[in-house]
Amino acid sequence: MAWFLIISSVIVLWVASLCKILHGSYSPPKGTFLNNLKDGGSVNKRNVLLVVAHPDDESMFFTPTINYLTMRGHNIHILCLSIGDADGKGITRKEELYQASAILKVPHQQVKVLDHPDLQDGFGKVWDHNILAMIIEEEINSYGIDLIITFDNYGVSGHCNHRDVHYGVMKLLHASSQRKIEAWELVSTNVFRKYSGPVDIWLSSLYPMQCSHELLHCLLNEQPRKSFRAMAQHSSQWVWFRKLFVGFSSYTYVNTLRKMK
């Protein structure tokens, strides 16, 4: 009986949380993330660079952030630092990223996928942080980027490529020439929260209350269906366990971003 009550409560909470998201009746903590106003009262549009390691990272982990940015008119670029060729499907995965980006309303010309010989996909592949910093800096200079979004030092899943991307951005931030660039990292959560699905919108909303809104922001995915549609474009990766991941992952429903220092 006790287990039945626990399971029933979890199901009710899950459904209630999902309904809150789908019907837009949930309001995350008030903040001003990228909503700085110009003198005339209009929102100051930013040139944002999302830096990821592999095709599908953008759809599995960052769709709440991408949707938030595009719906508010910010100009977003995606830099993917490998074609994800660990299984020999790199060419296919590269094209899948372009297709997913179209679903996410990121123009094709604002998506760049690299196949650098020193930045190959794989758990045993160590990426040079200096090379990463140089590549990211080139992207910043080419497109007038004034804000970067990427992984934190755990990289959601602990994948070494995700973590190297974080340290590459940190290397760039500490360079004297780029100290004025603003950067935010996606906060990695524990296993319980990671697989709590939409329920994590409540837990994530409590986290920023402990910090200044200048350092931490909770972004709700206003269009969670788009996460599934985008990830489905990665057909070479869209196997049963990734379908379950997208359904149960809190990253489908909410992103917590922390300012990098």
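In this chain, numbering begins with 1 at the start of the sequence shown.
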Engineer: State, with a plain yes or no, whether a side-chain heavy atom of Leu69 is found less than 4.5 Å away from one of Ile149.
Structural biologist: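 Leu69 reaches Ile149 side chain to side chain.
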Engineer: Locate the shortest heavy-atom distance separating Gly168 from Ile136; write the atom from each residue and the value.
Structural biologist: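 Distance-wise, the nearest heavy atoms are C-CD1, 4.4 Å.
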Engineer: Answer yes or no: is there an ion pair linking Arg46 with Glu182, defined by an N-O contact shorter than 4.0 Å?
Structural biologist: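 Yes.
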Engineer: When you measure from the side chain of Glu95 to the backbone of Ile91, do you find a donor-acceptor pair of N or O atoms at a distance under 3.5 Å?
Structural biologist: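 Side chain of Glu95 to backbone of Ile91: no pair is present.
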Engineer: Side chains of Gln110 and Asn75: donor-acceptor distance under 3.5 Å anywhere?
Structural biologist: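 Distance-only check passes for Gln110 and Asn75.
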Engineer: Give, for atom CD1 of Ile148 and atom CE of Met260, the distance between the pair rounded to the nearest 0.5 Å.
Structural biologist: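 Output value for this atom pair is 7.5 Å.
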Engineer: Calculate, to the nearest 0.5 Å, the distance between atoms NE2 and NE2 belonging to His129 and His174 respectively.
Structural biologist: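 It comes to 13.0 Å.
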Engineer: Could you tell me whether Arg72 and Glu222 make a salt bridge, using a distance below 4.0 angstrom between a side-chain N and a carboxylate O?
Structural biologist: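 Here Arg72 pairs with Glu222 in a salt bridge, since their nearest N and O are under 4.0 Å apart.
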Engineer: So how far is it from Thr63 OG1 to Glu58 CD, rounded to the nearest 0.5 Å?
Structural biologist: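 Taking OG1 in Thr63 and CD in Glu58, the distance rounds to 9.0 Å.
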Engineer: Considering all heavy atoms of both residues, which atom of Lys243 and which atom of Trp238 are nearest to each other, and what is their separation?
Structural biologist: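 Answer, listing the atom of Lys243 first, then Trp238: CE-O, 3.3 Å.
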Engineer: Within the structure provided, determine whether Asp121 and Ile83 are in side-chain contact (heavy-atom separation under 4.5 Å).
Structural biologist: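 Result no, sub-4.5 Å side-chain heavy-atom pair not found.
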Engineer: State which residue, out of Leu104, Asn221, Ile66, fulfils the side-chain contact (heavy atoms from CB on, under 4.5 Å) condition with Ser227.
Structural biologist: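 When Leu104, Asn221, Ile66 are each tested with Ser227, the side-chain contact (heavy atoms from CB on, under 4.5 Å) holds only for Asn221.
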Engineer: What distance do Leu186 atom CG and Tyr154 atom OH have between them, rounded to the nearest 0.5 Å?
Structural biologist: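 Leu186 CG to Tyr154 OH: 13.0 Å, rounded to 0.5 Å.
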Engineer: Check for a donor-acceptor pair, side chain of Ser142 on one end and backbone N or O of Glu139 on the other, with a separation under 3.5 Å.
Structural biologist: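 Judged by distance alone, no pair lies under 3.5 Å.
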Engineer: Test of understanding: clusters of I, L, V, M, F, W, Y form through side-chain heavy atoms closer than 4.5 Å, transitively. Do Leu257 and Tyr167 belong to the same one?
Structural biologist: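 No, Leu257 and Tyr167 fall in different hydrophobic clusters.
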Engineer: Are Val126 and Leu81 connected into the same hydrophobic cluster when the rule is that any two of I, L, V, M, F, W, Y join if their side-chain heavy atoms are below 4.5 Å apart?
Structural biologist: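 No, no single cluster joins them.
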Engineer: Quick one: closest heavy-atom pair of Tyr143 and Asn47, and the distance?
Structural biologist: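 Shortest heavy-atom separation between Tyr143 and Asn47 comes out as O-ND2, 3.9 Å.
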Engineer: Look at the side chain of Asn161 and the backbone N and O of Ala53, then say whether any donor-acceptor pair between them is shorter than 3.5 Å.
Structural biologist: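 Answer holds: no.
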Engineer: Apply side chain to side chain contact (heavy atoms under 4.5 Å, CB included) to the pair Asp164 and Asp128, showing each step before the final yes or no.
Structural biologist: CA-CA 8 Å; Asp164 282 333; Asp128 188 311; over 6 Å; no
Engineer: Do any N or O atoms from the side chain of Ser250 and from the backbone of Arg193 form a donor-acceptor pair under 3.5 angstrom?
Structural biologist: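 A pair under 3.5 Å: yes.
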Engineer: Which of these passes salt bridge (charged side-chain N to carboxylate O under 4.0 Å, His left out) with Glu185: Arg258, Lys261, Lys259, Arg163?
Structural biologist: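 For Glu185, the salt bridge (charged side-chain N to carboxylate O under 4.0 Å, His left out) test succeeds with only one of Arg258, Lys261, Lys259, Arg163, which is Arg258.
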Engineer: Which atoms form the tightest heavy-atom contact between Ala100 and Ala230, and what is the distance?
Structural biologist: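 For Ala100 and Ala230, the tightest heavy-atom pair comes out as CB-O, 3.4 Å.
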Engineer: Measure from the side-chain N and O atoms of Asp57 to the backbone N and O of His54, and report whether any donor-acceptor pair falls under 3.5 Å.
Structural biologist: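 Such a contact is found between Asp57 side chain and His54 backbone.
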Engineer: Grab the two heavy atoms, one from Cys80 and one from Pro55, that are nearest each other, plus how far apart they are.
Structural biologist: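 That would be SG-N, 3.3 Å.
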Engineer: State whether the side chain of Thr150 and the backbone N or O of Val51 hold a donor-acceptor pair below 3.5 Å, judged by distance alone.
Structural biologist: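 Judged by distance alone, yes, a pair lies under 3.5 Å.
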Engineer: Would you give the length of the straight line joining atom CG of Leu97 to atom CD1 of Ile78, rounded to the nearest 0.5 angstrom?
Structural biologist: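 Output value for this atom pair is 6.0 Å.
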Engineer: Backbone N or O of Lys194 within a donor-acceptor pair of the Asp200 side chain at under 3.5 Å?
Structural biologist: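 It does not hold such a pair.
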Engineer: Is Val246 reachable from Ile103 through a run of hydrophobic residues whose side-chain heavy atoms are each under 4.5 Å from the next?
Structural biologist: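 Ile103 and Val246: separate clusters.
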Engineer: In this structure, which one of Trp127, Phe123, Phe151 forms a ring pair (Phe, Tyr, Trp, His ring centres under 6.0 Å) with His162?
Structural biologist: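 Among Trp127, Phe123, Phe151, the one that satisfies the ring pair (Phe, Tyr, Trp, His ring centres under 6.0 Å) with His162 is Phe151.
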Engineer: In the structure I gave you, are the side-chain heavy atoms of Ile181 and Leu173 within less than 4.5 Å of one another anywhere?
Structural biologist: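 Side-chain contact under 4.5 Å: yes.
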Engineer: Nearest heavy-atom pair of Gln237 and Met231: which atoms, and what distance?
Structural biologist: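 What the structure gives for the nearest pair is CB-CE, 4.2 Å.
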Engineer: Mind running side chain to side chain contact (heavy atoms under 4.5 Å, CB included) on Ser82 and Leu114 for me, showing each step along the way?
Structural biologist: CA-CA 5 Å; Ser82 81; Leu114 302 183; over 6 Å; no
Engineer: Go through the steps for Asp115 and Asp85 under the test side chain to side chain contact (heavy atoms under 4.5 Å, CB included), then give the verdict.
Structural biologist: CA-CA 9 Å; Asp115 187 16; Asp85 200 37; 5.7 Å; no
Engineer: Could you tell me whether the side chain of His116 reaches within less than 4.5 Å of the side chain of Ile135, counting heavy atoms only?
Structural biologist: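 They are in side-chain contact.
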Engineer: Find out whether Val156 and Ser188 are in side-chain contact, i.e. whether some heavy atom of one side chain is under 4.5 Å from a heavy atom of the other.
Structural biologist: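 Heavy-atom side-chain distance check passes, below 4.5 Å.
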Engineer: Do Ile131 and Leu49 belong to the same hydrophobic cluster, where Ile, Leu, Val, Met, Phe, Trp and Tyr are linked whenever their side-chain heavy atoms lie under 4.5 Å apart, directly or via other members?
Structural biologist: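 As far as the 4.5 Å side-chain criterion goes, Leu49 and Ile131 are connected within one cluster.
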Engineer: Give, for atom NE2 of His234 and atom NZ of Lys89, the distance between the pair rounded to the nearest 0.5 Å.
Structural biologist: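 Taking NE2 in His234 and NZ in Lys89, the distance rounds to 13.5 Å.
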Engineer: Tell me, yes or no, whether the heavy-atom count around Lys226 atom NZ, taken from other residues, nucleotides or ligands under 6.0 Å, exceeds 12.
Structural biologist: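 Yes.
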Engineer: Go through the steps for Ser236 and Arg93 under the test side chain to side chain contact (heavy atoms under 4.5 Å, CB included), then give the verdict.
Structural biologist: CA-CA 7 Å; Ser236 68; Arg93 296 190 65 185; 3.6 Å; yes
Engineer: Is any side-chain heavy atom of Ile145 closer than 4.5 Å to one of His77?
Structural biologist: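 Yes, side chains in contact.
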Engineer: When clusters are formed by joining ILVMFWY residues with side-chain heavy atoms under 4.5 Å apart, either directly or through shared neighbours, do Phe245 and Tyr253 land in the same one?
Structural biologist: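 Cluster IDs for Phe245 and Tyr253 match.
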